[in-house]
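What follows is one structure encoded as structure tokens, with my remarks underneath.
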Amino acid sequence: MSYEYSMLELGPYHSSLPGPMRLRLNFDGETVSSCQVETGFLHRGLEKVCELHYWPGAIVYIDHLDPEAAIFGELVFCLAIENIAELIIPARARAIRIILSELARISSHLFYFVRVAKTVGSETLVHYALRDREKILDLFELLTGARFSINFLRFGGVNADVTEGFIEKVFEVCDLMQLRTKEYNDLFTFNRSFLKRTACLAPLSMDQVLNFGITGPNARASGFDFDVRKRFSYLAYDQVDFLVPLGLGQAGMIGDVHDRFTVRLREIAQSSEIIKQILDNLPDGDYINPSVNLNSVIPPGESYSRVESSRGLLGCHVVSEGLAFLNRVQFRVPSMANFEIIPHLLKKIHIEDVPIVLASLDLSVAERDR
Amino acid sequence: MDFRKICILIEQWVEKFNLAPKWVHLTFTLVAVYFFILIPSGWFFSYLKRKISADFQARVGPSTCGPSGLFQPMADFLKLLQKENRNEVSHTETLWLSIYSMIFYSTMPVIPLGSLVLLVDTEISAFIPFWATLVLALGTILLGLSRGAITGWYGGIRIAVQTLSGVFPAFICLLCAGVGMKSFQWSLWAKSQGFFPWSWNFLSNPFEFVAFIVFVMSGLVILAVSPLDGGFSMSDIHGNVSSFLHGRWLALYQFCRFYVFFMWSVVAVVLFLGAWVLPSWVYTLADGEHLKFIGIVELLFLLIKVFFLMLVIVWISCVTPVSRVDQITNFSWKILSPFALVALVGASVLFSWKTVGR
Amino acid sequence: MDKNFLIQLDKLLSGMVLETREFGRSGVRSIWLESYQLTKIALILKNDSKLALDWLENLSVVEFEKSFVFSYFLFSRNFFHSLVLRASAVIPSDSSLSISFPSVSKVWEMAFPMECEISELYGIDFLIDGVVLTPDFSLLPSGLTGFPMRKSYSSCVRVP
């Protein structure tokens, strides 16, 4: 005989939650019988703000779409505008954009490890990952002047060129990250206690991935082979040789928390490889299209651009009427689907595993609410 | 006026109330143990733990308060003591506070800290720490219930379940260690072991070794020491009983948790790791006046072993994720308990065989 | 674009399409429909074995020339085709009134959160079998009146 006798409401602020959100859990004993998710606490009206600002000024706000990986928001917006305005991006600028994107991906995945490790109780991994993430944030600061909201991409290129010193440091970080992924793999991936907490927990089925439109590492962990960099190649990703890791079910089930962790670990290694290939063949030339005039207006038209952000497919629909202000800027964010799947994943989960499942989805409340 | 004269004066005053002078000695000894052994041990252990875990985690750890941050634990403790409570203490809170305080003064005389500080050495001395851990669990359950919220109730019940699952194998291991001993007196246990590791109880036979490992792990389960700290470790959603504690309550709670961990480690060292026994030539050299000095050396030697054991556990906890409560209780019932039983049966059979053989 | 895909598309949707254009400069076909046919066409596009447009990648609403333009960005995960469905609805002169529009949540489950968001921000009631789709929670703070994403929303001031 089962019965619901308790309800727990978490949020909007709680240490187990990824951000301001409310989670209403109904329990049957110590297992979750149902769950309601409420978001919107971080709604800042970003899309409206972009419409109200002169189009180059909007880029600063888009940094805050996903603060942990701000470059992806900038990139998808710039690609959409460049498509409408038929701006040619110099090869060197494309390469720099790829480098920054992949560094942001690594940084975001490292912070993912921090969240998962914190919920699992592995303090050592928390500090190791934060330490390594600092090196990437230092690179951002070296090039752009900021660690998080870098505000570095411009229409037609980037704000500044990379220097020899920066390139050298990036190589060092890439080598270090490849070493670290092996270290994390040895220390944590198949650690017995870590496996006990993550194996066969909250597996995401392929049906759920497809029905809810889940993309990114969460979907790839479930075996869905879809990566925007391969499928709708942008910048110079078609010139780079890299693998797209998929979930292997090494801990027992494909698409469980453990797979979502290991896929991101392998993606870090792949991102390091991408960066190294780009740096080895870094083209000479301009870092920005010299013909771009910020005082001009975007011609009338519309565009939909996609990038593979650290959480999944990030899309941007831009509509211009040929005025100083854009008519519409709309973002398709990967976190929207991730939030929709929460009630389904948390069903029949033990109460103590709820934070682990939430952390494993790599949720971004800022992105979801915009 | 020196200390001896003060003692004599107090004894004379106590005799007026028809009380034996030994109570004065006991009282002073307990106070000395508390202030000169327990608090410095807690201080030192906390410092070591924070420095070692910082080293593992590629951090510096405490470094600003005192030389190499040596005074940080004391500074934190004093800071907590200075914080006032927000609300008035309710009756349920009074209960758990009383129980936690009771554990300190009721079990301290029983802790075997060497021949000099062996205050209570009875035939059932070894069982008293068990009582302390069960009472601690009761206190923690009341702590959880005093929250008046479902998360506290969950936490309290979890503590009860986890403690019970650990007590059974620990008790079996105690019996296993006592196979061949005539009673459970601390002094007898010390006499049965030697200075060198090969003369320690845990290496006397494979079953005793198993019993030692199971005893230590059971202790971690009972006392919820990381990485087996299940219900204590998580945030509110898991029903963490202590997440609302602050100030003096938090200081008492954390110090008590250190104390029982320390107590359990002392018991484990005395039962299995040679107790406080020094090389035999030390005892032959000592005469009446030097016995007290030897007692102090024994105490220090015991403390070194205890800290070593505690730091090994800290080492493991630094690199191991935390398990769920149900995983811990499963582990305790399905793995530790059978091993403990096998160790007990094996040790008993071995002892019988040796006795019959003679 | 794949010729077979386009042929199949024309074959299935003949007579139901208002206009066909290219979407931006992407080379992706954009089809304009009547809003009342949206759900029916969505089902056809999803269930047809040669089209199999089973993924609604994005749903975007744009206020353009006194009407709302709904853009459905579709994708086939088996054949990797893309298509953009378009429909429009006239914005009422009274900006405090909401309008009705058919929902595609029954066809593509992933449309649900997007439609919930749009309904609140634009004041559009999405209908599933005549019943208004009700979001589980409100994105906007309680007490906020009006529909912020509409151009007529009074508190908006453009920043030069």
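We name chains A, B, ... by the order of the sequence lines, and we start the count at 1 in each one.
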task = Please flag which part of A:F224 lies under 4.5 Å from any non-hydrogen atom of chain C: side chain, backbone, both or neither.
result = side chain
query = If you measure from CD on A:E302 to OG on C:S30, what distance do you get to the nearest 0.5 Å?
reply = 7.0 Å
message = Can you tell me if C:F80 has over 12 outside heavy atoms packed within less than 6.0 Å of its CZ?
response = yes
inquiry  = Between C:N58 and A:Q330, do the side chains contain a donor N or O and an acceptor N or O under 3.5 Å apart?
reply    = yes
ask   = Checking A:T215 against chain C: side chain, backbone, both or neither under 4.5 Å from a heavy atom?
value = side chain
note = One should read off an interatomic distance between A:H43 NE2 and C:E120 CD, to the nearest 0.5 angstrom, of 8.0 Å
ask   = Which atom pair, heavy atoms only, marks the closest approach of A:A85 to C:R25?
value = N-NH1, 4.4 Å
request  = Select one option (side chain, backbone, both, neither) describing which atoms of A:E321 are under 4.5 Å from chain C's heavy atoms.
outcome  = side chain
query = Are A:Y304 and C:F23 an aromatic pair by the rule of ring centers under 6.0 Å?
reply = no
ask   = Where on A:R231 is there a heavy atom nearer than 4.5 Å to chain C: the side chain, the backbone, both, or neither?
value = side chain
ask   = Would you call A:R328 and C:E63 a salt bridge, taking side-chain N to carboxylate O under 4.0 Å as the test?
value = no
key: Considering all heavy atoms, the nearest C:S71-A:H317 contact   = OG-CE1, 3.9 Å
ask   = Side chain, backbone, both or neither: which part of A:I214 has a heavy atom under 4.5 Å from chain C?
value = backbone
message = Is the distance between the ring centroids of C:F75 and A:F232 under 6.0 Å?
response = yes
ask   = In terms of heavy-atom proximity below 4.5 Å to chain C, should A:S303 be classed as side chain, backbone, both, or neither?
value = backbone
Interface residues of residues 99-110 of chain C facing chain A - heavy atom cut-off under 4.5 Å = C:E109, C:M110
Residue pair C:K151 / A:N327: nearest heavy atoms and the distance that separates them = NZ-O, 2.5 Å
key: Contacting moiety of A:R370, where chain C heavy atoms sit under 4.5 Å   = side chain
message = Under 4.5 Å from any heavy atom of chain C, what part of A:V37 do you find: side chain, backbone, both or neither?
response = backbone
remark   = Bottom line for A:E340: the part with an atom under 4.5 Å from chain C's heavy atoms is side chain
inquiry  = Can you confirm if the NZ or CZ of C:R77 lies within 45° of the ring axis of A:F226 and under 6.0 Å from the centre of its six-membered ring?
reply    = no
message = Can you confirm whether C:K46 is buried at NZ, in the sense that more than 12 heavy atoms of other residues, nucleotides or ligands lie under 6.0 Å from that atom?
response = yes
inquiry  = Closer than 3.5 angstrom, by distance alone: can the side chain of A:R332 be matched with the main-chain N or O of C:E57 as a donor-acceptor pair?
reply    = yes
note = In terms of heavy-atom pairs under 4.5 Å with chain A, the winner among C:L56, C:V61, C:D54 is C:V61
